[in-house]
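Structure first, commentary second.
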Amino acid sequence: MNKRKIVSKLFISIFTLFTIISLVLPFSNAKAEEKTYIIATDVTFAPFEFQDENGDFVGIDMDLLKAIAEDQGFKYQVRPLGFNAAVQALEAKQVDAVIAGMSITDERKLKFDFSDPYFDSGVIMAVDEDNNKVSSYEDLKGERVAVKTGTEGAAFAQSIQDKYGFKVVTFDDSANMYEDVKTGNSIACFDDYPVLAYGVKQGNGLKIVTDKESGSSYGFAVAKGENAELLQMFNDGLSNLKASGEYQKILDKYLETGDEEAGSGFFGLLKESFPSLMSGLKMTIILTVVSLVAATILGVIFGLFQVSNKKLLRAIATIYVDIFRGTPLLVQAFFIYFGVPAALDIRITAVVAGIITLSLNAGAYIAEIVRGGIQSVDKGQMEASRSLGLPYRKAMSKVVLPQAIRIMIPSFINQFVITLKDTSILSIIGINELTQSGKIIIARNLESFQMWLIVGIIYFIIIMILTKVSNHLERRIKHGEN
């Protein structure tokens, strides 16, 4: 009975901890007085969706959505997730709809209901601007060709790859795909024609070498059988915008732009993007600190379980540590954000899902740190304490743990560094931390090399500060021992 009570209290404590996190953090829209639709998008798919220098979501899709919402009188919140994550979030009912240059296909119609088409797309191929050897599909034989996951360009490339004998490699965003062609890793890329044409005008270093292939149309998507009223409002608003001429004005705004100004250089880019990057860094630090507080609690509990003299507690700790150390953090993030809500029919924000993921993952590693720290203390310390009449718990808390903590401090600082870096993986579920901020800025200006250099420098500075703190603490501990 004792063991059952301990296990029961443990899981109640963990559940309560994460419930408090989800309630306290100001990221949930649960208190909205009236229906606010959560609409997922890509924001790295210019000219349809991207973020401008003021941090506002703009592009054909974003402007259409804003105009339709004003016309029909509904409220919405945009959630930038990336295309793949947006589609998965809609399947898991984490969002109400997706607008992200999403092609209407028979396969997708099995899972989603689509609006009337709002844009007729197509596919074109581009190569490096200095490449004069590739001008047709026949020139691709034996080469690598880059595509963006889930796009019409990817589907077209896969449909002809056997015929022309090339290999397809996939990327999650257009900027990295273009960069792969510029560096020569891929000989060409396929993309939706307005996206690629916009990128060429922005100076992405590529040139278009084929005529446009006919393609499917883009649509606004909701889950099958869900949010019929939202779908109807979108269709009615789209019809009204076309009738008033506003629809064509939005298209012309992004598809008939003149030549863009050249890039402003490293320091100009740094100045322009600094507010967005600092906002991303703030989120990175929040994720790290909150996650590590929760992870420390979990780590201490399970670490003590691992050195317990009770087999049940050791077994529980072993299972927990093995699961979260034995699976990739990315898989854990997807499972917690998409899998669990779909299975339990609940909705959680990406930030809460990210904190839970990092906490559980880091907690497993901290449990090992705690176990190692305790076991590094001479066993004679515990034996001597017990022989003096101290009970196990008091001997552990008053004699063993104080010595173990001094040994564990540098490892705790190191885990802080690891967790800080791991936050970058959470960009995959749409959390706007430092890495995601960099991706969004790149989607606007296509300055991949310079932007990743800036992001790398920011990470380097933060991590170097933490490393110096760790080294300082380690030196003080050694001096204290001497």
Side-chain angles (χ1 to χ4, degrees), residues 14-44 49 51 55 57 65 74-100 222-223 226-227 230 276 279-295 329-363 419 422-437 439-440:
I14 294 171
F15 179 78
T16 303
L17 173 66
F18 288 125
T19 302
I20 290 170
I21 290 172
S22 64
L23 292 174
V24 171
L25 284 174
F27 300 106
S28 176
N29 295 309
K31 295 183 179 179
E33 293 179 3
E34 55 184 284
K35 177 70 173 178
T36 298
Y37 294 102
I38 306 299
I39 299 177
T41 190
D42 190 344
V43 301
T44 59
E49 42 264 334
Q51 201 173 40
F57 297 122
L65 181 60
F74 65 86
K75 293 183 178 181
Y76 68 94
Q77 178 185 350
V78 171
R79 186 168 292 176
L81 297 178
F83 185 79
N84 285 337
V87 173
Q88 290 181 62
L90 186 57
E91 285 187 84
K93 297 181 182 179
Q94 287 283 70
V95 297
D96 297 303
V98 168
I99 184 166
V222 298
E226 302 283 338
N227 289 306
L230 175 60
S276 295
S279 176
L281 179 60
K282 179 183 176 182
M283 175 56 70
T284 292
I285 293 172
I286 290 172
L287 288 170
T288 304
V289 172
V290 176
S291 298
L292 275 178
V293 170
L329 182 63
L330 181 62
V331 174
Q332 295 166 20
F334 275 129
F335 179 77
I336 290 170
Y337 186 52
F338 299 123
V340 173
L344 302 180
D345 195 23
I346 59 174
R347 179 178 289 189
I348 60 175
T349 67
V351 173
V352 171
I355 288 173
I356 293 173
T357 303
L358 284 176
S359 299
L360 292 172
N361 182 271
T419 303
D422 282 347
T423 58
S424 63
I425 296 175
L426 298 181
S427 64
I428 199 70
I429 59 173
I431 297 178
N432 196 5
E433 43 67 64
L434 183 55
T435 299
Q436 179 75 340
S437 296
K439 287 181 182 178
I440 291 171

I need the [X] [atom1] to [Y] [atom2] distance, nearest 0.5 Å.
X	Y	atom1	atom2	result
Glu433	Ile425	CD	CD1	10.0 Å
Ile346	Gln94	CD1	CD	7.5 Å
Thr357	Phe335	OG1	CZ	10.5 Å
Asn361	Gln332	CG	CD	4.5 Å
Leu426	Leu329	CG	CG	6.0 Å
Ile336	Ile355	CD1	CD1	11.5 Å

Closest non-hydrogen atom pair, [X] against [Y]:
X	Y	answer
Ile429	Ala333	CG2-O, 4.4 Å
Ser276	Ser437	O-OG, 3.5 Å
Gln436	Pro80	NE2-O, 3.9 Å
Leu230	Tyr37	CD2-CD2, 3.7 Å
Gly354	Ile431	CA-CD1, 4.0 Å
Ala295	Ser359	CB-O, 3.5 Å

Test your reading of the model: is there a side-chain donor-acceptor pair from Thr41 to the backbone of Ile99, 3.5 Å cut-off?
yes
Under the 3.5 angstrom rule, does the side chain of Thr284 hit a backbone N or O of Leu434 as a donor-acceptor pair?
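A pair under 3.5 Å: yes.
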Just to verify, what does Phe57 make a ring-ring contact (aromatic ring centres under 6.0 Å, His included) with, not counting sequence neighbours?
none
Between Gln77, Lys35, Arg79, which is the residue that forms a side-chain contact (heavy atoms from CB on, under 4.5 Å) with Asp96?
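With Asp96 as partner, Gln77, Lys35, Arg79 yield a single side-chain contact (heavy atoms from CB on, under 4.5 Å), made by Lys35.
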Are Pro341 and Lys93 packed together at the side-chain level, in the sense that at least one heavy-atom pair is separated by less than 4.5 angstrom?
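They are not in contact (no side-chain heavy atoms under 4.5 Å apart), so the answer is no.
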Show which side-chain atoms of residues 83-91 pair as donor or acceptor with protein atoms under 3.5 Å away, not counting sequence neighbours.
residue	atom	partner	partner atom	Å
Glu91	OE1	Lys111	NZ	3.1

